[in-house]
Asker: 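Can you keep this structure in mind? I'll have questions shortly.
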Amino acid sequence: MTATPEQHDVVTLLTADHHAVRDLFEGYRTTTDPELRRQLVDRMTVAVVRHSVTEEVHLYPTVRKALPNGDRIADEEIEELTEAERILSDLDAVDPRDRRFDPLVRELMDVVSMHIRGEEDLVFPELRERLTPEERMALGLRVGEAAAAVRGVPPVSPEGPGPGRTLADRVREQLTGRTR
């Protein structure tokens with residue numbers, strides 16, 4: 001029997017994603033172990049790409065329709081997520097002992113933190129105002145189903161990563177069937 005995702009307001013679900021990523025950032029800040037830092041960055045990659053794809057597919061079409069200046073807001077948020085994925089792809093090729101690693105992670109944290117602030121300060125309050133609780137719950141169900149569908153899916157195929165494919169590429173491909 002397959003478990004179905006619990007139904008939650010979309011804002012609650014996406015805010016929980018934000019908290020999980022912040023926790024990964026804090027874990028990174030509190031360790032100096034290179035192997036643990038690599039593991040944390042890999043977990044950040046999976047979390048950020050999953051969140052990004054979920055928002056692209058489910059949240060931003062609603063933002064475009066429901067919010068004044070929705071197209072501009074969605075485009076800006078997607079641009080930030082695209083930048084975060086670019087940084088994650090760059091990090092994939094850098095050893096955690098390399099002097100470039102920490103500055104890239106700090107850049108990632110800045111970009112993702114800006115994205116989170118934009119959503120939590122602007123997008124989510126607007127959604128609460130403009131969508132009914134039922135609409136937010138229905139959107140939350142779709143987001144929850146998408147997240148549940150990818151939980152437990154390993155971000156690497158048994159055949160290996162393939163030439164020139166980063167972890168972010170592989171996660172996105174597993175979620176969408178295509179790379180960016």
Side-chain angles (χ1 to χ4, degrees), residues 5-30 40-91 102-151 166-169 171-172 174-176 178-180:
E6 292 183 40
Q7 191 166 2
H8 293 285
D9 180 292
V10 68
V11 172
T12 302
L13 282 176
L14 295 176
T15 300
D17 277 359
H18 294 170
H19 289 295
V21 170
R22 285 181 181 128
D23 289 346
L24 291 170
F25 289 170
E26 188 57 32
Y28 183 90
R29 286 184 194 103
T30 60
L40 288 164
V41 167
D42 288 351
R43 289 175 55 201
M44 287 175 206
T45 300
V46 173
V48 168
V49 174
R50 182 185 54 77
H51 182 84
S52 178
V53 169
T54 300
E55 288 188 340
E56 288 170 16
V57 172
H58 299 289
L59 179 68
Y60 295 128
T62 300
V63 166
R64 289 179 189 286
K65 291 177 192 167
L67 273 57
N69 297 313
D71 285 332
R72 181 188 54 76
I73 292 166
D75 290 345
E76 288 172 2
E77 295 297 324
I78 290 169
E79 187 176 316
E80 289 170 355
L81 291 169
T82 300
E83 178 65 8
E85 286 189 44
R86 183 202 57 78
I87 296 165
L88 287 164
S89 292
D90 291 347
L91 277 164
D102 281 336
L104 278 170
V105 173
R106 283 193 300 276
E107 183 182 357
L108 172 69
M109 290 177 181
D110 289 345
V111 168
V112 171
S113 295
M114 183 173 23
H115 169 76
I116 289 171
R117 276 191 307 277
E119 285 190 341
E120 291 182 358
D121 294 348
L122 173 69
V123 177
F124 294 169
E126 287 281 333
L127 287 175
R128 282 189 183 109
E129 182 180 314
R130 297 181 182 284
L131 298 180
T132 67
E134 294 79 16
E135 290 169 324
R136 291 193 317 270
M137 292 296 279
L139 186 54
L141 182 60
R142 289 194 307 274
V143 167
E145 287 173 344
V150 300
R151 282 195 182 91
T166 66
L167 178 58
D169 293 335
V171 172
R172 178 168 280 283
Q174 285 186 343
L175 296 172
T176 65
R178 60 179 166 57
T179 58
R180 203 171 255 206

Asker: So do the side chains of V105 and L91 get within less than 4.5 Å of each other, counting heavy atoms only?
Answerer: yes

Asker: If you compare all heavy atoms of R136 against all heavy atoms of D9, which two are closest, and at what distance to 0.1 Å?
Answerer: NE-OD2, 2.6 Å

Asker: Is there a side-chain contact between D17 and R50, using heavy atoms and a 4.5 Å cut-off?
Answerer: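 Answer yes - side chains close enough.
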
Asker: With rounding to the nearest 0.5 angstrom, report the CD to CD distance, E80 to E119.
Answerer: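 Nearest 0.5 Å value for the CD-CD distance: 8.5 Å.
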
Asker: Taking the side chain as every heavy atom from C-beta outward, state whether E126 and I73 have any pair of such atoms under 4.5 Å apart.
Answerer: no

Asker: In Å, rounded to the nearest 0.5 Å, how long is the span from OG1 of T12 to CE of M137?
Answerer: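 Spacing of OG1 (T12) from CE (M137) equals 8.0 Å.
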
Asker: If every non-hydrogen atom of L104 is compared with every non-hydrogen atom of I87, which pair is closest and at what distance?
Answerer: O-CG2, 3.4 Å

Asker: I want to check something: taking the side chain as every heavy atom from C-beta on, are E107 and R86 in contact at a cut-off of under 4.5 Å?
Answerer: yes

Asker: Nearest 0.5 Å, what's the NE2-CD distance between H19 and E120?
Answerer: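 The CD atom of E120 is 6.0 Å from NE2 of H19, to the nearest 0.5 Å.
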
Asker: Could you tell me if S52 and E56 have a donor-acceptor pair between their side chains, going purely by distance under 3.5 Å?
Answerer: yes

Asker: Would a 4.5 Å heavy-atom cut-off, applied to side chains only, mark L108 and L88 as touching?
Answerer: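 Yes, their side chains come closer than 4.5 Å.
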
Asker: Whether E26 and R22 form a salt bridge (side-chain N of Lys/Arg under 4.0 Å from carboxylate O of Asp/Glu) is what I want to check.
Answerer: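 No.
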
Asker: How about H115 and H51: do any of their side-chain heavy atoms sit closer than 4.5 Å?
Answerer: yes

Asker: Heavy atoms, side chains only, cut-off 4.5 Å: are F25 and V21 in contact?
Answerer: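 They are in side-chain contact.
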
Asker: Donor-acceptor pair, R64 side chain versus A74 backbone, under 3.5 Å?
Answerer: no

Asker: Identify the two heavy atoms, one from G140 and one from L13, that lie closest to each other, and give their separation to 0.1 Å.
Answerer: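 G140 and L13 have their closest heavy atoms at O-CD1, 3.0 Å.
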
Asker: Shortest non-hydrogen contact from V112 to A84?
Answerer: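 Closest approach of V112 to A84: CG2-CB, 3.9 Å.
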
Asker: Please round to the nearest 0.5 Å and tell me the distance separating atom CZ of R29 and atom CZ of R106.
Answerer: 10.5 Å

Asker: Salt bridge or not for E135 and K65, using N-O below 4.0 Å?
Answerer: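 No, no charged N to carboxylate O under 4.0 Å.
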
Asker: Does T54 form a side-chain contact (heavy atoms from CB on, under 4.5 Å) with L59? I'd like the steps, not just the answer.
Answerer: CA-CA 7 Å; T54 300; L59 179 68; over 6 Å; no

Asker: Is R43 atom CZ crowded by more than 12 heavy atoms from other residues, nucleotides or ligands, each under 6.0 Å away?
Answerer: no

Asker: Using a 4.5 Å cut-off on heavy atoms from C-beta on, say whether the side chain of R117 contacts that of S113.
Answerer: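 Yes, their side chains come closer than 4.5 Å.
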
Asker: Test side-chain contact (heavy atoms from CB on, under 4.5 Å) on E77 and E55; report intermediate values, then the result.
Answerer: CA-CA 9 Å; E77 295 297 324; E55 288 188 340; 5.7 Å; no

